[in-house]
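In the text below, chain A, chain B and the rest are named by the order of the sequence lines, each starting its count at 1.
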Protein chains: 2
Amino acid sequence: MPKQSKKELIIQEAAAIFKHKGYSATSMRELAEKVGMEAASLYNHIRSKDEILEEICFKVANQYVSHISMIEDTDETNVQKLRDLIQLHVRMIIAEPDEVSVANNDWKNLSDTKKELYKTIRKGYEKRIANLIKAGIAAGEFKDLNVSVALFTLLSSLRWIELWYKPGRDISPEQLENDLMTLLINGFQK
Amino acid sequence: MPKQSKKELIIQEAAAIFKHKGYSATSMRELAEKVGMEAASLYNHIRSKDEILEEICFKVANQYVSHISMIEDTDETNVQKLRDLIQLHVRMIIAEPDEVSVANNDWKNLSDTKKELYKTIRKGYEKRIANLIKAGIAAGEFKDLNVSVALFTLLSSLRWIELWYKPGRDISPEQLENDLMTLLINGFQK
DNA sequence: CCTACCGATCGGTAGG
DNA sequence: CCTACCGATCGGTAGG
(Lines give C-alpha, C1' and ligand atoms only; values in the text may rest on other atoms or scores of the structure.)
Protein backbone atom coordinates (compact mmCIF):
# COMPACT_ATOMS: atom_id res chain seq x y z
CA MET A 1 0.00 0.00 0.00
CA PRO A 2 1.31 3.44 -0.93
CA LYS A 3 2.24 5.75 1.89
CA GLN A 4 0.18 8.87 1.81
CA SER A 5 0.56 11.78 4.15
CA LYS A 6 -2.42 13.26 5.97
CA LYS A 7 -2.01 16.32 3.81
CA GLU A 8 -2.33 14.22 0.67
CA LEU A 9 -5.39 12.53 2.09
CA ILE A 10 -6.98 15.89 2.87
CA ILE A 11 -6.29 17.15 -0.65
CA GLN A 12 -7.68 14.00 -2.21
CA GLU A 13 -10.89 14.15 -0.19
CA ALA A 14 -11.17 17.87 -0.87
CA ALA A 15 -10.91 17.28 -4.62
CA ALA A 16 -13.80 14.81 -4.44
CA ILE A 17 -16.04 17.23 -2.54
CA PHE A 18 -15.03 20.26 -4.60
CA LYS A 19 -15.85 18.35 -7.76
CA HIS A 20 -19.29 17.49 -6.44
CA LYS A 21 -20.30 20.83 -4.89
CA GLY A 22 -17.76 23.37 -6.04
CA TYR A 23 -14.99 25.00 -4.00
CA SER A 24 -16.99 27.91 -2.60
CA ALA A 25 -19.93 25.79 -1.53
CA THR A 26 -17.69 23.39 0.41
CA SER A 27 -16.97 24.17 4.05
CA MET A 28 -13.87 23.17 5.98
CA ARG A 29 -16.15 21.51 8.55
CA GLU A 30 -17.57 19.27 5.85
CA LEU A 31 -14.11 18.40 4.62
CA ALA A 32 -12.99 17.70 8.18
CA GLU A 33 -15.86 15.29 8.71
CA LYS A 34 -14.96 13.36 5.57
CA VAL A 35 -11.33 13.15 6.65
CA GLY A 36 -12.35 12.15 10.17
CA MET A 37 -11.20 15.05 12.33
CA GLU A 38 -12.36 18.41 13.64
CA ALA A 39 -12.18 21.43 11.32
CA ALA A 40 -9.54 23.11 13.47
CA SER A 41 -7.29 20.06 13.21
CA LEU A 42 -7.07 20.35 9.44
CA TYR A 43 -4.87 23.39 9.98
CA ASN A 44 -2.10 21.24 11.40
CA HIS A 45 -1.66 19.85 7.89
CA ILE A 46 -2.62 22.63 5.57
CA ARG A 47 -2.26 26.39 5.79
CA SER A 48 -5.65 27.39 4.43
CA LYS A 49 -8.58 26.40 2.26
CA ASP A 50 -6.91 28.41 -0.48
CA GLU A 51 -3.79 26.30 -0.31
CA ILE A 52 -5.73 23.11 -1.05
CA LEU A 53 -7.16 24.59 -4.22
CA GLU A 54 -3.74 25.85 -5.28
CA GLU A 55 -2.13 22.45 -4.84
CA ILE A 56 -4.82 20.79 -6.93
CA CYS A 57 -4.82 23.36 -9.73
CA PHE A 58 -1.07 23.65 -10.16
CA LYS A 59 -0.43 19.93 -9.90
CA VAL A 60 -2.83 19.37 -12.79
CA ALA A 61 -1.52 22.32 -14.79
CA ASN A 62 2.06 21.12 -14.46
CA GLN A 63 1.13 17.64 -15.59
CA TYR A 64 -0.49 18.98 -18.73
CA VAL A 65 2.54 21.11 -19.48
CA SER A 66 4.95 18.23 -19.09
CA HIS A 67 2.78 16.17 -21.45
CA ILE A 68 2.89 18.69 -24.23
CA SER A 69 6.67 18.92 -23.85
CA MET A 70 6.95 15.18 -24.34
CA ILE A 71 4.82 15.32 -27.46
CA GLU A 72 6.74 18.23 -28.94
CA ASP A 73 10.00 16.33 -28.53
CA THR A 74 8.96 13.49 -30.80
CA ASP A 75 9.37 13.65 -34.58
CA GLU A 76 6.01 12.17 -35.44
CA THR A 77 3.52 13.57 -37.93
CA ASN A 78 1.17 16.21 -36.64
CA VAL A 79 -1.75 13.82 -36.90
CA GLN A 80 0.10 11.40 -34.67
CA LYS A 81 0.95 14.18 -32.22
CA LEU A 82 -2.74 15.02 -32.09
CA ARG A 83 -3.50 11.38 -31.34
CA ASP A 84 -0.91 11.37 -28.55
CA LEU A 85 -2.39 14.50 -27.07
CA ILE A 86 -5.89 13.05 -27.03
CA GLN A 87 -4.57 9.87 -25.46
CA LEU A 88 -2.71 11.72 -22.74
CA HIS A 89 -5.75 13.82 -21.89
CA VAL A 90 -7.94 10.74 -21.66
CA ARG A 91 -5.45 8.91 -19.47
CA MET A 92 -4.95 11.80 -17.13
CA ILE A 93 -8.68 12.26 -16.70
CA ILE A 94 -9.15 8.57 -16.00
CA ALA A 95 -6.25 8.51 -13.55
CA GLU A 96 -7.28 11.60 -11.59
CA PRO A 97 -10.80 12.64 -12.45
CA ASP A 98 -11.42 14.70 -9.32
CA GLU A 99 -8.29 16.81 -9.51
CA VAL A 100 -8.67 17.47 -13.24
CA SER A 101 -12.29 18.42 -12.78
CA VAL A 102 -11.53 20.84 -9.95
CA ALA A 103 -8.66 22.47 -11.83
CA ASN A 104 -10.91 23.00 -14.84
CA ASN A 105 -13.92 24.30 -12.94
CA ASP A 106 -12.71 25.99 -9.77
CA TRP A 107 -9.52 27.83 -10.78
CA LYS A 108 -11.64 31.01 -10.77
CA ASN A 109 -11.61 30.82 -6.99
CA LEU A 110 -7.83 31.03 -6.70
CA SER A 111 -6.46 34.16 -5.05
CA ASP A 112 -5.79 37.00 -7.49
CA THR A 113 -2.05 36.42 -7.85
CA LYS A 114 -2.38 32.64 -8.16
CA LYS A 115 -5.23 33.05 -10.58
CA GLU A 116 -3.07 35.18 -12.84
CA LEU A 117 -0.30 32.60 -12.67
CA TYR A 118 -2.74 29.83 -13.49
CA LYS A 119 -4.10 31.72 -16.47
CA THR A 120 -0.57 32.35 -17.73
CA ILE A 121 0.31 28.67 -17.53
CA ARG A 122 -2.90 27.68 -19.23
CA LYS A 123 -2.43 30.21 -22.02
CA GLY A 124 1.07 28.89 -22.57
CA TYR A 125 -0.33 25.39 -22.87
CA GLU A 126 -2.99 26.49 -25.32
CA LYS A 127 -0.41 28.36 -27.38
CA ARG A 128 1.68 25.22 -27.78
CA ILE A 129 -1.32 23.21 -28.95
CA ALA A 130 -2.23 26.04 -31.30
CA ASN A 131 1.26 25.74 -32.76
CA LEU A 132 0.75 22.03 -33.24
CA ILE A 133 -2.46 22.76 -35.13
CA LYS A 134 -0.80 25.46 -37.23
CA ALA A 135 2.04 23.09 -38.11
CA GLY A 136 -0.50 20.47 -39.12
CA ILE A 137 -2.31 22.92 -41.37
CA ALA A 138 0.96 24.16 -42.90
CA ALA A 139 2.01 20.56 -43.58
CA GLY A 140 -1.29 19.89 -45.33
CA GLU A 141 -2.27 17.29 -42.73
CA PHE A 142 -5.12 19.28 -41.19
CA LYS A 143 -7.95 21.19 -42.79
CA ASP A 144 -7.46 24.93 -43.07
CA LEU A 145 -9.71 25.87 -40.15
CA ASN A 146 -9.63 28.84 -37.83
CA VAL A 147 -6.94 27.85 -35.31
CA SER A 148 -8.82 29.08 -32.24
CA VAL A 149 -11.95 27.20 -33.23
CA ALA A 150 -9.95 24.02 -33.76
CA LEU A 151 -8.00 24.50 -30.52
CA PHE A 152 -10.95 25.06 -28.22
CA THR A 153 -13.13 22.47 -29.89
CA LEU A 154 -10.37 19.96 -29.31
CA LEU A 155 -9.76 20.89 -25.68
CA SER A 156 -13.38 21.15 -24.66
CA SER A 157 -14.41 17.99 -26.46
CA LEU A 158 -12.10 16.18 -24.03
CA ARG A 159 -13.69 17.72 -20.97
CA TRP A 160 -16.91 15.76 -20.61
CA ILE A 161 -14.92 12.62 -19.82
CA GLU A 162 -14.07 13.82 -16.33
CA LEU A 163 -17.76 14.08 -15.55
CA TRP A 164 -18.91 10.95 -17.30
CA TYR A 165 -16.27 8.25 -17.14
CA LYS A 166 -16.49 5.81 -14.26
CA PRO A 167 -14.74 2.42 -14.02
CA GLY A 168 -18.16 0.74 -14.28
CA ARG A 169 -18.93 2.10 -17.76
CA ASP A 170 -19.41 -0.44 -20.51
CA ILE A 171 -16.58 1.00 -22.53
CA SER A 172 -12.87 0.44 -22.02
CA PRO A 173 -10.37 3.30 -21.90
CA GLU A 174 -8.97 1.96 -25.16
CA GLN A 175 -12.29 2.07 -26.97
CA LEU A 176 -12.95 5.51 -25.52
CA GLU A 177 -9.63 6.75 -26.87
CA ASN A 178 -10.23 5.16 -30.25
CA ASP A 179 -13.73 6.53 -30.72
CA LEU A 180 -12.63 9.97 -29.61
CA MET A 181 -9.70 9.99 -32.00
CA THR A 182 -11.88 8.83 -34.88
CA LEU A 183 -14.45 11.48 -34.11
CA LEU A 184 -12.01 14.36 -33.81
CA ILE A 185 -9.75 13.38 -36.67
CA ASN A 186 -12.36 12.15 -39.17
CA GLY A 187 -15.69 13.48 -37.86
CA PHE A 188 -19.19 12.13 -37.49
CA GLN A 189 -19.91 11.52 -41.14
CA LYS A 190 -19.36 8.09 -42.64
CA MET B 1 -35.85 50.09 -26.31
CA PRO B 2 -37.30 46.94 -24.78
CA LYS B 3 -39.07 47.28 -21.47
CA GLN B 4 -37.37 45.23 -18.81
CA SER B 5 -38.59 44.77 -15.29
CA LYS B 6 -36.34 45.29 -12.29
CA LYS B 7 -36.50 41.57 -11.71
CA GLU B 8 -35.20 40.91 -15.21
CA LEU B 9 -32.43 43.42 -14.68
CA ILE B 10 -31.42 41.73 -11.44
CA ILE B 11 -31.34 38.32 -13.10
CA GLN B 12 -29.32 39.60 -16.00
CA GLU B 13 -26.73 41.23 -13.75
CA ALA B 14 -26.67 38.15 -11.55
CA ALA B 15 -25.93 35.95 -14.56
CA ALA B 16 -22.95 38.11 -15.45
CA ILE B 17 -21.50 37.94 -11.94
CA PHE B 18 -22.27 34.23 -11.47
CA LYS B 19 -20.51 33.49 -14.73
CA HIS B 20 -17.44 35.36 -13.59
CA LYS B 21 -17.17 34.18 -9.98
CA GLY B 22 -19.59 31.31 -9.60
CA TYR B 23 -22.93 31.28 -7.78
CA SER B 24 -21.65 30.39 -4.31
CA ALA B 25 -18.87 32.95 -4.35
CA THR B 26 -21.25 35.76 -5.26
CA SER B 27 -22.93 37.68 -2.42
CA MET B 28 -26.26 39.41 -2.57
CA ARG B 29 -24.52 42.60 -1.45
CA GLU B 30 -22.26 42.44 -4.48
CA LEU B 31 -25.22 41.88 -6.76
CA ALA B 32 -27.11 44.73 -5.11
CA GLU B 33 -24.22 47.10 -5.72
CA LYS B 34 -24.12 46.19 -9.41
CA VAL B 35 -27.85 46.74 -9.71
CA GLY B 36 -27.64 49.99 -7.78
CA MET B 37 -29.57 49.33 -4.60
CA GLU B 38 -29.12 47.95 -1.10
CA ALA B 39 -29.05 44.20 -0.60
CA ALA B 40 -32.29 44.22 1.37
CA SER B 41 -34.06 45.96 -1.48
CA LEU B 42 -33.39 43.11 -3.87
CA TYR B 43 -35.94 41.11 -1.94
CA ASN B 44 -38.73 43.33 -3.14
CA HIS B 45 -38.18 41.87 -6.59
CA ILE B 46 -36.95 38.35 -5.98
CA ARG B 47 -37.74 35.80 -3.32
CA SER B 48 -34.24 34.48 -2.70
CA LYS B 49 -30.78 33.99 -4.14
CA ASP B 50 -31.92 30.48 -5.01
CA GLU B 51 -34.76 31.78 -7.12
CA ILE B 52 -32.39 33.74 -9.36
CA LEU B 53 -30.40 30.62 -10.12
CA GLU B 54 -33.57 28.65 -10.81
CA GLU B 55 -34.87 31.21 -13.27
CA ILE B 56 -31.60 31.21 -15.17
CA CYS B 57 -31.17 27.43 -15.28
CA PHE B 58 -34.72 26.54 -16.30
CA LYS B 59 -35.01 29.32 -18.85
CA VAL B 60 -31.95 27.96 -20.62
CA ALA B 61 -33.01 24.33 -20.24
CA ASN B 62 -36.44 25.05 -21.72
CA GLN B 63 -34.90 26.83 -24.69
CA TYR B 64 -32.71 23.86 -25.47
CA VAL B 65 -35.66 21.50 -25.23
CA SER B 66 -37.80 23.60 -27.57
CA HIS B 67 -34.91 23.64 -30.05
CA ILE B 68 -34.60 19.89 -30.23
CA SER B 69 -38.35 19.61 -30.73
CA MET B 70 -38.13 21.90 -33.73
CA ILE B 71 -35.33 19.85 -35.22
CA GLU B 72 -37.10 16.56 -34.67
CA ASP B 73 -40.15 17.86 -36.51
CA THR B 74 -38.30 18.43 -39.77
CA ASP B 75 -37.80 15.64 -42.30
CA GLU B 76 -34.21 16.45 -43.10
CA THR B 77 -31.33 13.99 -43.21
CA ASN B 78 -29.65 13.24 -39.92
CA VAL B 79 -26.52 15.05 -41.04
CA GLN B 80 -28.61 18.14 -41.67
CA LYS B 81 -30.30 17.77 -38.29
CA LEU B 82 -26.87 17.64 -36.71
CA ARG B 83 -25.95 20.83 -38.54
CA ASP B 84 -29.13 22.50 -37.31
CA LEU B 85 -28.37 21.45 -33.77
CA ILE B 86 -24.86 22.88 -33.90
CA GLN B 87 -26.20 26.09 -35.37
CA LEU B 88 -28.85 26.47 -32.68
CA HIS B 89 -26.34 25.88 -29.90
CA VAL B 90 -23.98 28.45 -31.36
CA ARG B 91 -26.71 31.02 -31.75
CA MET B 92 -28.07 30.53 -28.29
CA ILE B 93 -24.62 30.90 -26.77
CA ILE B 94 -23.96 34.05 -28.74
CA ALA B 95 -27.36 35.49 -27.84
CA GLU B 96 -27.15 34.76 -24.11
CA PRO B 97 -23.64 33.78 -23.11
CA ASP B 98 -24.04 34.56 -19.41
CA GLU B 99 -27.23 32.60 -18.83
CA VAL B 100 -26.02 29.59 -20.80
CA SER B 101 -22.74 29.59 -18.95
CA VAL B 102 -24.40 29.76 -15.54
CA ALA B 103 -26.88 27.00 -16.37
CA ASN B 104 -24.02 24.76 -17.49
CA ASN B 105 -21.71 25.46 -14.58
CA ASP B 106 -23.82 26.34 -11.55
CA TRP B 107 -26.83 24.00 -11.73
CA LYS B 108 -25.14 21.96 -9.00
CA ASN B 109 -26.06 24.73 -6.59
CA LEU B 110 -29.79 24.38 -7.17
CA SER B 111 -31.84 23.16 -4.22
CA ASP B 112 -32.17 19.38 -4.07
CA THR B 113 -35.62 19.16 -5.63
CA LYS B 114 -34.86 21.68 -8.37
CA LYS B 115 -31.54 19.99 -9.03
CA GLU B 116 -33.29 16.68 -9.61
CA LEU B 117 -35.74 18.35 -11.96
CA TYR B 118 -32.91 20.00 -13.86
CA LYS B 119 -31.07 16.72 -14.21
CA THR B 120 -34.22 15.05 -15.48
CA ILE B 121 -34.74 17.72 -18.13
CA ARG B 122 -31.11 17.56 -19.19
CA LYS B 123 -31.16 13.79 -19.43
CA GLY B 124 -34.25 13.97 -21.59
CA TYR B 125 -32.49 16.41 -23.87
CA GLU B 126 -29.44 14.19 -24.10
CA LYS B 127 -31.61 11.19 -24.84
CA ARG B 128 -33.20 12.90 -27.80
CA ILE B 129 -29.83 13.84 -29.25
CA ALA B 130 -28.66 10.29 -28.66
CA ASN B 131 -31.64 9.14 -30.71
CA LEU B 132 -30.66 11.50 -33.49
CA ILE B 133 -27.17 9.99 -33.47
CA LYS B 134 -28.53 6.44 -33.42
CA ALA B 135 -30.82 7.23 -36.35
CA GLY B 136 -27.85 8.65 -38.24
CA ILE B 137 -25.80 5.53 -37.62
CA ALA B 138 -28.69 3.26 -38.59
CA ALA B 139 -29.19 5.23 -41.80
CA GLY B 140 -25.51 4.84 -42.67
CA GLU B 141 -24.94 8.58 -42.45
CA PHE B 142 -22.77 8.54 -39.33
CA LYS B 143 -19.84 6.37 -38.39
CA ASP B 144 -20.60 3.44 -36.11
CA LEU B 145 -19.27 5.04 -32.93
CA ASN B 146 -20.21 4.52 -29.31
CA VAL B 147 -23.31 6.69 -28.96
CA SER B 148 -22.38 8.15 -25.56
CA VAL B 149 -18.93 9.12 -26.77
CA ALA B 150 -20.41 10.81 -29.83
CA LEU B 151 -23.13 12.51 -27.78
CA PHE B 152 -20.92 14.02 -25.12
CA THR B 153 -18.14 14.93 -27.50
CA LEU B 154 -20.69 16.84 -29.54
CA LEU B 155 -22.26 18.63 -26.59
CA SER B 156 -19.05 19.52 -24.82
CA SER B 157 -17.29 20.64 -27.98
CA LEU B 158 -19.93 23.35 -28.16
CA ARG B 159 -19.33 24.56 -24.64
CA TRP B 160 -16.10 26.53 -24.96
CA ILE B 161 -17.89 29.12 -27.08
CA GLU B 162 -19.69 30.59 -24.11
CA LEU B 163 -16.34 31.34 -22.48
CA TRP B 164 -14.49 32.48 -25.56
CA TYR B 165 -16.80 34.24 -27.94
CA LYS B 166 -17.06 38.01 -27.65
CA PRO B 167 -18.46 40.40 -30.25
CA GLY B 168 -14.93 41.76 -30.76
CA ARG B 169 -13.47 38.45 -31.99
CA ASP B 170 -12.06 38.41 -35.49
CA ILE B 171 -14.45 35.69 -36.56
CA SER B 172 -18.08 36.06 -37.53
CA PRO B 173 -20.82 33.87 -36.08
CA GLU B 174 -21.24 32.41 -39.56
CA GLN B 175 -17.60 31.42 -39.90
CA LEU B 176 -17.66 30.02 -36.37
CA GLU B 177 -20.65 27.87 -37.22
CA ASN B 178 -19.08 26.72 -40.47
CA ASP B 179 -15.74 25.78 -38.99
CA LEU B 180 -17.43 23.98 -36.11
CA MET B 181 -19.67 22.02 -38.45
CA THR B 182 -16.75 21.06 -40.66
CA LEU B 183 -14.72 19.96 -37.67
CA LEU B 184 -17.45 17.89 -36.07
CA ILE B 185 -18.81 16.37 -39.24
CA ASN B 186 -15.57 15.79 -41.14
CA GLY B 187 -12.82 16.08 -38.53
CA PHE B 188 -9.38 17.65 -38.32
CA GLN B 189 -7.74 15.62 -41.08
CA LYS B 190 -7.56 16.99 -44.59
C1' DC C 1 -36.27 51.28 -1.60
C1' DC C 2 -33.66 52.15 2.95
C1' DT C 3 -31.96 51.54 7.95
C1' DA C 4 -31.25 48.45 11.26
C1' DC C 5 -30.53 44.16 12.48
C1' DC C 6 -30.95 38.81 13.09
C1' DG C 7 -29.23 33.98 13.54
C1' DA C 8 -26.25 31.01 11.18
C1' DT C 9 -22.17 29.84 9.33
C1' DC C 10 -17.82 30.81 7.53
C1' DG C 11 -12.37 30.34 7.65
C1' DG C 12 -9.22 30.39 10.95
C1' DT C 13 -6.51 30.97 15.78
C1' DA C 14 -5.13 30.21 20.76
C1' DG C 15 -3.82 27.21 23.88
C1' DG C 16 -3.20 22.98 25.45
C1' DC D 1 -5.64 16.41 17.37
C1' DC D 2 -9.36 18.72 20.40
C1' DT D 3 -12.15 22.46 22.94
C1' DA D 4 -13.33 26.89 22.86
C1' DC D 5 -13.88 30.71 20.50
C1' DC D 6 -13.12 34.99 17.30
C1' DG D 7 -14.38 38.56 13.82
C1' DA D 8 -16.37 38.70 9.41
C1' DT D 9 -19.74 37.84 6.36
C1' DC D 10 -23.58 35.47 4.74
C1' DG D 11 -28.84 35.31 3.18
C1' DG D 12 -32.69 37.24 4.67
C1' DT D 13 -36.53 39.93 7.67
C1' DA D 14 -38.98 43.80 10.18
C1' DG D 15 -40.68 48.01 9.87
C1' DG D 16 -41.25 52.03 7.84
Side-chain angles (χ1 to χ4, degrees), chain A residues 3-58 102-103 105-115 118, chain B residues 3-58 102-103 105-115 118:
Chain A
K3 59 180 162 188
Q4 187 189 37
S5 69
K6 265 283 153 59
K7 180 172 177 177
E8 284 165 342
L9 173 68
I10 290 168
I11 289 173
Q12 190 184 76
E13 293 289 352
I17 310 178
F18 292 169
K19 178 184 180 178
H20 186 239
K21 306 186 49 169
Y23 173 81
S24 288
T26 304
S27 74
M28 294 301 275
R29 281 147 179 90
E30 189 179 356
L31 172 56
E33 194 181 13
K34 257 275 197 97
V35 173
M37 55 174 73
E38 293 300 315
S41 305
L42 291 172
Y43 292 88
N44 290 300
H45 302 99
I46 50 120
R47 266 190 294 277
S48 64
K49 190 186 179 188
D50 248 46
E51 191 206 13
I52 298 174
L53 183 61
E54 285 169 21
E55 296 241 2
I56 294 169
C57 290
F58 289 101
V102 171
N105 294 302
D106 275 325
W107 61 268
K108 288 182 214 169
N109 296 300
L110 287 167
S111 64
D112 285 347
T113 51
K114 295 291 179 179
K115 183 161 56 184
Y118 184 85
Chain B
K3 59 180 160 188
Q4 186 190 37
S5 70
K6 263 282 152 59
K7 180 173 178 177
E8 285 165 341
L9 173 67
I10 289 168
I11 289 173
Q12 189 184 77
E13 293 288 352
I17 310 180
F18 292 170
K19 178 183 180 180
H20 185 238
K21 305 186 53 168
Y23 173 79
S24 288
T26 303
S27 74
M28 294 301 275
R29 281 146 178 92
E30 189 179 355
L31 172 57
E33 194 182 12
K34 256 277 196 95
V35 173
M37 55 175 72
E38 292 301 315
S41 305
L42 291 171
Y43 292 88
N44 290 301
H45 303 99
I46 51 120
R47 266 189 295 277
S48 63
K49 189 185 177 188
D50 249 46
E51 192 203 14
I52 299 174
L53 184 62
E54 284 168 23
E55 297 241 2
I56 293 169
C57 289
F58 289 101
V102 170
N105 293 302
D106 275 324
W107 62 269
K108 291 182 213 170
N109 296 300
L110 288 167
S111 64
D112 286 346
T113 51
K114 295 292 180 178
K115 184 161 57 183
Y118 184 86

Check: Would you say the side-chain atoms of E51(B) pair up with the backbone N or O of R47(B), donor to acceptor, closer than 3.5 Å?
Finding: yes
Next item on the list: Taking only Lys NZ, Arg NE, NH1 and NH2, and the carboxylate oxygens of Asp or Glu, determine whether R29(A) and E38(A) approach each other closer than 4.0 Å.
Entry: no
Note to self: Treating Y23(A) as the side-chain partner and V102(A) as the backbone partner, does any N or O pair qualify as donor plus acceptor under 3.5 Å?
What the structure shows: no
Item checked: Check: K108(A) side chain, K19(B) main-chain N or O, donor-acceptor pair, under 3.5 Å -> yes
Check: How would you label the contact of T26(A) with the nucleic acid (heavy atoms, under 4.0 Å): base, sugar-phosphate, or nothing?
Finding: sugar-phosphate
Next item on the list: Can you run through DNA chain C from 5' to 3' and write each base as (, ), [, ], | or . depending on how it pairs? Watson-Crick or G-U wobble, both distances under 3.5 Å.
Entry: ||||||||||||||||
Next item on the list: Carefully, step by step, assess D106(A) and N109(A) under the rule side-chain contact (heavy atoms from CB on, under 4.5 Å).
Entry: CA-CA 6 Å; D106(A) 275 325; N109(A) 296 300; 3.2 Å; yes
Check: Given that N44(B) and K49(B) both sit by DNA chain D, which one's nearest nucleotide is further toward the 5' end?
Finding: K49(B)
Note to self: Taking I10(B)'s backbone N and O only, do any of them form a donor-acceptor pair with E13(B)'s side chain (distance below 3.5 Å, no angle check)?
What the structure shows: no
Note to self: Quick check on DNA chain C: between I46(A) and E38(B), whose nearest nucleotide comes earlier from the 5' end?
What the structure shows: E38(B)
Notebook entry, point to check: Side chain of K49(A), backbone of T26(A): donor and acceptor closer than 3.5 Å?
Noted result: yes
Next item on the list: Shoot me the first and last contacting nucleotide of DNA chain C against chain A, ordered 5' to 3', at under 4.0 angstrom to non-hydrogen atoms.
Entry: dC10(C) to dT13(C)
Notebook entry, point to check: Can you say whether the rings of Y118(A) and W107(A) are parallel (under 30°), tilted (30 to 60°) or perpendicular (over 60°)?
Noted result: parallel
